[in-house]
2 protein chains.
Amino acid sequence: MKYIEKLRNSGLRPTKQRLQICEVLFDRDKTFHFTINELEQKIKKQINNKISLATVYNTVHAFEKKGYLKQIPINSNQTYFDTNVTDHHHFYDLKDEKLIDLENSDVGPINILKKIDGKKIKSVEVLVKLED
Amino acid sequence: MKYIEKLRNSGLRPTKQRLQICEVLFDRDKTFHFTINELEQKIKKQINNKISLATVYNTVHAFEKKGYLKQIPINSNQTYFDTNVTDHHHFYDLKDEKLIDLENSDVGPINILKKIDGKKIKSVEVLVKLED
DNA sequence: ATTCTAGTTTATAATGATTCTAAAAAAGTG
DNA sequence: CACTTTTTTAGAATCATTATAAACTAGAAT
Ligand SMILES: [Mn+2]
Ligand SMILES: [Mn+2]
Ligand SMILES: [Zn+2]
Ligand SMILES: [Zn+2]
């Protein structure tokens, strides 16, 4: 299995549950955005094995901490995650409540002119809200 | 009272509670960012009158709908609001969990090159995360 | 293989921000 | 005042997320 090494290298034991979640998250052509509930549904459909909700939460947070997922800053009643961990931005369709990737080339360079003493920039993210 | 007209013009009855919340929110030199709980505390300190939490929620949402407040897209367990309703951006200090305004002039023009059929851009917001 | 230990999974409970409910109070109108 | 509509309120309900603590498992040691 190709994810065993990845997990071991991160100090995470390659358990059956984690490997199955890896498959659901990373064995695909395109990256995607998801909430925990959407992921739970996807797991149910794709895997012949029940994974408890607590484990889904634990795993997503562990993967986020290791940099395999990122959280998208958005106001929603549920937290959105992204399997695309490159620097990029988002459209947020207010009606459909769906996220769409905006690559850096779709936005152009963003230069932050203001500086805050003793702090450094960790990330710069653009959220473009869409309406009809 | 200077907020009576403002409320009437929005189709909101100028109740004692709403006027008091207006004072707390808008009778100041600088705009600010807040969560509902922070606002509740501020109200307690500033006003000699209890306002129920439900009313604080109702009022904040009513003001948001009327464009007197805006919600800041950020991942936190509590929703952040802003009394600065002009187009602007934010630093988010991850350690202090505090927001700092970034004026448009601090960021420069942002040109979104990608278009989505049938959708138009409602807002473009930049979130710059800060670490030590 | 057997034992040991730290790490993991799990069902379930707890938490807490937000929303809902429905009755009482207040605002606006004539 | 009498009447209607809106608003406030305490408390309950909701629901995403986190905590708990017991059972299980992976990896390592014996
Ligand atoms: Mn989280
Ligand atoms: Mn809201
Ligand atoms: Zn994305
Ligand atoms: Zn602001």
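As a basis for the values below, the full set of heavy atoms in this structure was taken, side chains included, without hydrogen atoms, waters or symmetry mates. So you know, we letter chains A, B, ... as the sequences are listed, proteins then strands, and number each from 1.
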#### Entry: Qualifying salt bridge (Lys or Arg N to Asp or Glu O under 4.0 Å) pairs, either residue in residues 27-36 of chain A, two or more places apart
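Output for this query lists A/Lys2-A/Asp27.
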Under 4.0 Å: is that the gap between some side-chain N or O of [X] and OP1 or OP2 of [N]?
X       : N      : answer
B/Thr79 : C/dA17 : no
B/His61 : C/dT19 : yes
B/Gln17 : D/dT9  : yes
A/Arg18 : C/dT9  : yes
B/Thr15 : D/dT6  : no

Just distance, no hydrogens or angles: give the donor-acceptor pairs under 3.5 Å from side chains in residues 102-110 of chain A, sequence neighbours left out.
| residue | atom | partner | partner atom | Å |
| --- | --- | --- | --- | --- |
| A/Asn104 | OD1 | A/His89 | NE2 | 3.0 |
| A/Asn104 | ND2 | A/Asp87 | O | 3.2 |
| A/Asp106 | OD2 | A/Glu103 | N | 3.0 |

How close or far is atom [atom2] of [N] from atom [atom1] of [X], stated in whole angstroms?
X       : N      : atom1 : atom2 : answer
A/Glu40 : D/dA16 : CD    : P     : 10 Å
B/Ile36 : C/dT19 : CD1   : C1'   : 12 Å
A/Leu39 : D/dA16 : CG    : C1'   : 15 Å
A/Gln78 : D/dT14 : CD    : P     : 17 Å
B/Lys65 : C/dT19 : NZ    : P     : 12 Å
A/Asn75 : C/dT19 : CG    : C1'   : 16 Å
A/Phe63 : C/dT8  : CZ    : P     : 11 Å
A/Leu7  : D/dG27 : CG    : C1'   : 15 Å

Which residues pass the side chain to side chain contact (heavy atoms under 4.5 Å, CB included) test with [X], sequence neighbours left out?
X        : answer
B/Tyr57  : B/Ile36, B/Leu53, B/His61
B/Asn58  : none
B/Lys119 : A/Asp93, A/Lys95, A/Asp96, A/Leu130, A/Asp132, B/Ile116

### Task
Give, for atom CG of B/Asp101 and atom CG of B/Asn84, the distance between the pair rounded to the nearest 0.5 Å.
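Reported to 0.5 Å precision, the distance equals 5.0 Å.
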### Task
Tell me, please, which residues at least two apart from B/Lys114 pass salt bridge (Lys or Arg N to Asp or Glu O under 4.0 Å).
none
Enumerate, atom names and distances included, each donor-acceptor pair closer than 3.5 Å involving a side-chain atom of residues 44-51 of chain B, sequence neighbours excluded.
| residue | atom | partner | partner atom | Å |
| --- | --- | --- | --- | --- |
| B/Asn49 | ND2 | B/Gln20 | OE1 | 3.0 |

### Message
Report for the helix from C/dA1-D/dT30 to C/dG30-D/dC1: angle between first-end and last-end helix axes, five pairs each, rounded to 10 degrees.
### Response
30°
### Task
Quick one: list whatever passes ring pair (Phe, Tyr, Trp, His ring centres under 6.0 Å) with A/Tyr80, sequence neighbours left out.
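Partners of A/Tyr80 by the ring pair (Phe, Tyr, Trp, His ring centres under 6.0 Å) criterion come out as none, since no residue qualifies.
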### Query
Applying ring-ring contact (aromatic ring centres under 6.0 Å, His included), which residue pairs with at least one partner in residues 33-53 of chain B are found, sequence neighbours left out?
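Non-adjacent pairs meeting ring-ring contact (aromatic ring centres under 6.0 Å, His included): B/Phe32-B/Phe34, B/His33-B/His90, B/Phe34-B/Phe81.
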### Task
State whether the number of non-hydrogen atoms from other residues, nucleotides or ligands found under 6.0 Å of B/Lys16 atom NZ is greater than 12.
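It does not: B/Lys16 NZ has 12 such atoms or fewer within range.
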### Query
Under 6.0 Å from the six-membered ring centre of A/Tyr68 and within 45° of its axis: does the NZ or CZ of A/Lys6 meet both?
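A/Lys6 over A/Tyr68 ring: yes.
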### Task
Go through residues 42-60 of chain A and report each residue with a non-hydrogen atom lying under 4.0 Å from DNA chain C, sorted by number.
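Listed by number, they are A/Lys50, A/Ile51, A/Ser52, A/Ala54, A/Thr55, A/Asn58.
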### Nearest-nucleotide 5' precedence on DNA chain C, B/Lys16 against B/Asn77
B/Asn77
Distances under 3.5 Å only, N/O to N/O: pair up the protein atoms with those of nucleotides 1-6 of chain C.
none

